[in-house]
K.L.:
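One structure is given below, represented as structure tokens, and several questions about it will come after.
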Amino acid sequence: MYYEVPSENDSSQDFNSFLQSVLVDLKNYNHNQDEKLENQLEFAEENVDLSLDSNLPPTSRALVATPYDIALGAYAAGIKLVERRGHWQTANYMRRAIVPANRVNSAYTPATYYNTNDTWAKMVDSEDLMRSYYGRLKDEAFRGGRASGSFTGSHTFTSGHLLTALRGVSYTVSYKRQANGNYFTTVKVTDIFDFAWEPNGYSNNFAVGFGNNYCYAMQSRGYIKPYKIEIVRSMSR
């Protein structure tokens with residue numbers, strides 16, 4: 001299949017329409033088409049040398065575009081579009097999810113993505129998330145005077161970069177009173193980068209539309225996989 005990818009200047013509605021057509025065609029694959037695809041891949045593995053041996057002249061090197069190559073090319077273009085709209089961490093998460101060609105249909109899982117006390121950790125532990133936990137932290141520590149403690153909760157981001165990258169998260173808040181009376185707090189946020197759900201419509205937000213549809217299609221083919229996300233912010237309050 002070949003699709004002409006819209007330019008970065010196209011509207012989110014136009015691009016979502018393009019993604020919808022891709023997804024519909026992918027979902028309409030029947031059993032016979034899957035068998036043909038498997039036969040093609042077997043043929044390529046048995047008959048095509050993709051090593052690009054430096055001893056061979058360029059004219060002898062086989063350049064074959066597999067379904068994986070084509071899909072990853074479109075995915076990479078989508079990552080750039082997401083990044084250009086300012087959703088740089090969403091783009092980083094999308095890159096981490098890619099399954100190497102030689103690990104497709106294996107037990108391979110991308111490594112956990114960690115952020116600790118960096119720009120992204122500060123963005124995550126901001127006013128939006130604090131609305132979920134700050135009242136309890138204040139009652140137990142700042143007003144209640146407990147020397148130490150911890151509690152857990154969950155939160156769903158509803159807008160912006162946090163929505164496209166994380167959506168719903170679990171968190172743990174730990175605190176300990178210091179000698180100066182302040183509290184040293186650690187907020188740990190965890191999530192799973194996952195597009196296993198069936199997409200159910202499109203959002204006017206480009207990055208949400210892309211994530212809910214094209215990433216779902218990629219994951220259904222085994223070209224990207226879910227993995228753990230862990231974000232930690234520690235500070236004295």
Side-chain angles (χ1 to χ4, degrees), residues 1-6 15-52 62-83 87-114 163-169 190-203 206-230:
M1 295 183 297
Y2 171 77
Y3 296 91
E4 183 178 353
V5 180
F15 196 76
N16 281 333
S17 296
F18 154 70
L19 295 176
Q20 185 176 24
S21 69
V22 174
L23 183 61
V24 168
D25 282 340
L26 285 173
K27 290 182 66 177
N28 285 339
Y29 265 4
N30 60 31
H31 181 67
N32 290 336
Q33 288 172 318
D34 285 336
E35 286 185 348
K36 290 178 181 178
L37 177 59
E38 291 175 6
N39 290 338
Q40 278 186 306
L41 293 175
E42 288 177 4
F43 177 84
E45 291 175 358
E46 294 173 359
N47 298 280
V48 178
D49 180 9
L50 297 179
S51 64
L52 300 184
L63 299 177
V64 176
T66 68
Y68 175 92
D69 296 327
I70 295 169
L72 263 291
Y75 187 65
I79 290 174
K80 290 181 180 179
L81 288 168
V82 170
E83 205 162 32
H87 295 219
W88 46 269
Q89 188 61 28
T90 304
N92 289 336
Y93 286 155
M94 290 170 69
R95 290 190 186 94
R96 173 64 63 88
I98 295 173
V99 177
N102 63 344
R103 306 296 292 276
V104 174
N105 297 323
S106 74
Y108 171 84
T109 299
T112 301
Y113 197 116
Y114 294 99
L163 167 63
T164 63
L166 296 172
R167 298 176 184 85
V169 301
T190 58
D191 195 13
I192 300 292
F193 188 82
D194 184 14
F195 290 95
W197 62 85
E198 181 77 14
N200 56 0
Y202 298 86
S203 168
F206 163 79
V208 174
F210 185 92
N212 283 350
N213 296 281
Y214 194 75
C215 288
Y216 169 82
M218 290 288 291
Q219 185 164 306
S220 69
R221 304 303 295 173
Y223 298 157
I224 65 174
K225 272 193 174 183
Y227 61 89
K228 295 179 182 179
I229 293 170
E230 185 173 304

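Basis for what follows: all heavy atoms, side chains included, without hydrogens, waters or symmetry-related copies. By convention here, the first residue in the shown sequence is residue 1.
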K.L.:
How many angstroms lie between CZ in R95 and OH in Y75, if you round to the nearest 0.5 Å?
P.N.:
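Reported to 0.5 Å precision, the distance equals 9.5 Å.
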K.L.:
Quick check: closest heavy atoms across T190 and E230, and the distance to 0.1 Å?
P.N.:
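Nearest pair, atom of T190 first, then E230: CG2-CG, 4.3 Å.
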K.L.:
Please name the residue in the list I98, L72, V99 that meets the side-chain contact (heavy atoms from CB on, under 4.5 Å) test with Y223.
P.N.:
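Result: among I98, L72, V99, L72 is the only option passing the side-chain contact (heavy atoms from CB on, under 4.5 Å) with Y223.
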K.L.:
Quick check on the 6.0 Å ring-centre criterion: do Y113 and F193 meet it?
P.N.:
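Aromatic pair excluded; centres sit 6.0 Å or further apart.
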K.L.:
Are the side chain of R96 and the backbone N or O of T112 linked by a donor-acceptor pair below 3.5 Å?
P.N.:
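Yes; judged by distance alone, with no hydrogens or angles, the pair exists.
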K.L.:
Specify the closest pair of heavy atoms between Q219 and P226, including all atoms of both residues, with the distance to one decimal.
P.N.:
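That closest heavy-atom pairing would be NE2-CG, 3.7 Å.
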K.L.:
Do Y227 and I192 make a side-chain contact, defined as non-hydrogen atoms from C-beta onward lying under 4.5 Å apart?
P.N.:
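No - every pair of side-chain heavy atoms lies 4.5 Å or more apart.
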K.L.:
Specify the closest pair of heavy atoms between V82 and A91, including all atoms of both residues, with the distance to one decimal.
P.N.:
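Closest approach of V82 to A91, heavy atoms only: CG1-N, 4.2 Å.
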K.L.:
Run the side chain to side chain contact (heavy atoms under 4.5 Å, CB included) check on M218 and M94 step by step: do they pass?
P.N.:
CA-CA 11 Å; M218 290 288 291; M94 290 170 69; over 6 Å; no
K.L.:
Nearest 0.5 Å, what's the CG-NE2 distance between N92 and H87?
P.N.:
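Going from the CG atom of N92 to the NE2 atom of H87 covers 13.0 Å.
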K.L.:
Could you check if a side-chain atom of Y93 sits within less than 4.5 angstrom of a side-chain atom of L166, using non-hydrogen atoms only?
P.N.:
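Side chain of Y93 against side chain of L166, heavy atoms only: contact under 4.5 Å found.
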K.L.:
Of all heavy-atom pairs between P110 and A97, which one has the smallest distance, and what is that distance?
P.N.:
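Smallest heavy-atom distance, with atoms named: CG-O, 3.9 Å.
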K.L.:
So, for A101 and Y68, which heavy atoms are closest and what is the spacing to 0.1 Å?
P.N.:
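Shortest heavy-atom contact: N-OH, 3.2 Å.
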K.L.:
Around atom CG of N105, are there more than 12 heavy atoms of other residues, nucleotides or ligands at under 6.0 Å?
P.N.:
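Open: at most 12 neighbouring heavy atoms sit under 6.0 Å from CG of N105.
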